[in-house]
Amino acid sequence: MGRGKIAIRRIENNTNRQVTFSKRRGGLFKKAHELSVLCDAQIGLIIFSSTGKLSEYCSLPSSMEQIIRRYQRVTGTHISRQDNREQLHNELARMRNETHSLQLSLQRYTGDDLSSIQFKDLDELEQQLEHSVKKVRARKYQLLQQQTDNLQRKVKMLEDENEQICHWIQEKQQAAAMEQQQQQQRQLGIEVKPVEEQQVMEQFPFSGEEQPSSVLQLATLPPHFYPYRLQPTHPNLQDFTLQYPGFGSIGGATATNE
């Protein structure tokens, strides 16, 4: 089954158009080369794509310049070279005028050579300068505010860090002082009791009896051991306690620790 006939019209899709251009350009160059070899013809082929890219083919041993000169000689046409000196002179004069105008404007903004400026121009210049000064000040204040905020954040961070360091130093000093005190007590031969054991022993004061050295000794005391020794105030009771010294307390007596 043969290929269908393609309508000759512009391809709207850019990708398809570029692909078709590349394929057909290669085919055209191939046909031109075959024609040059088979028929010993001099062929010069110039193609510009839609994007402005140049593609050319020239049959050997000729060059494209030789073929173009031969074409001009045969057809009697002449490609004149455009003289660009006048155009360059006009462009140079225009750039000089623009440079001079910019220099005058710069002198006005700097306050130099104001003698030739009219009152209206001076008024416009003043308004422009005031507007520029406002923009500069606004940007300056914005930068100052940013720097102030950054400094405040740094100060806050340094204060927090300083507080943490002070707290750490205090803890170290307290630990060192406690360690030094314990060492001094060991040197003097005093037994160092833990803080919890010391608190328990302080809750059980003993009067007239030997103070227990530890919580374990406190737990092994006999049941008849009382933490308070009472002395009766009534004379008859005093005689009774003298006869029975093992009797430790009477309901009407008062404690010596009161």
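Residues K172 and W168 form a side-chain contact, since some pair of their non-hydrogen atoms from C-beta on lies under 4.5 Å apart. Put simply, the side chain of E91 does not reach to within 4.5 Å of the side chain of Q87, judged on heavy atoms. Residues F21 and I47 have side chains in contact (heavy-atom distance under 4.5 Å, counting atoms from C-beta outward). Counting heavy atoms from C-beta on, the side chains of H167 and E163 never come closer than 4.5 Å. In this structure, the side chains of E126 and L122 stay at 4.5 Å or more apart for every pair of heavy atoms. Between Q42 and Q66 the shortest side-chain heavy-atom distance does not fall below 4.5 Å.
Side-chain contact annotation: R94 with N97, donor-acceptor N/O pair under 3.5 Å absent. A donor-acceptor pair shorter than 3.5 Å can be found between the side chains of D149 and Q145. In this structure, a donor-acceptor pair under 3.5 Å is absent between the side chains of Q127 and H131. Between the side chains of R25 and S55, at least one donor-acceptor pair of N or O atoms lies under 3.5 Å. Under the 3.5 Å distance criterion, with hydrogens and angles disregarded, a donor-acceptor pair is assigned to the side chains of R139 and Q142.
Residues passing the side-chain contact (heavy atoms from CB on, under 4.5 Å) test with R96 are L92, sequence neighbours excluded.
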* Asked: Does the side chain to side chain contact (heavy atoms under 4.5 Å, CB included) test come out yes or no for R69 and E65, once each step is laid out?
  -> CA-CA 6 Å; R69 283 198 298 268; E65 293 182 356; 4.0 Å; yes
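Although no hydrogens or angles enter the test, the distance criterion places no donor-acceptor pair under 3.5 Å between the side chain of S36 and the main chain of A32. Under a 3.5 Å cut-off, the side chain of D123 and the backbone N or O of F119 do not form any donor-acceptor pair. Side-chain atoms of N16 never come within 3.5 Å of backbone atoms of E12 as a donor-acceptor pair (strictly under, hydrogens ignored).
The line from CD1 of I165 to CD of E161 is 4.5 Å long, rounded to the nearest 0.5 Å.
Within a 6.0 Å radius of CG in D160, other residues, nucleotides and ligands contribute more than 12 heavy atoms. By the 6.0 Å contact criterion, CZ on R17 is enclosed, its count of non-hydrogen atoms from other residues, nucleotides or ligands being greater than 12. Other residues, nucleotides and ligands place more than 12 heavy atoms under 6.0 Å from the CD atom of E34.
Between E130 and K134, no side-chain nitrogen of the basic residue sits less than 4.0 Å from a carboxylate oxygen of the acidic one, so the salt-bridge criterion is not met.
Test E179, Q185, Q183 against Q181 for side-chain contact (heavy atoms from CB on, under 4.5 Å) and you get one pass: Q185.
Grouping the Ile, Leu, Val, Met, Phe, Trp and Tyr side chains by contacts below 4.5 angstrom, directly or via other members, places I68 with L54.
The minimum heavy-atom distance between C58 and S63, with the atom names listed, is SG-C, 3.3 Å.
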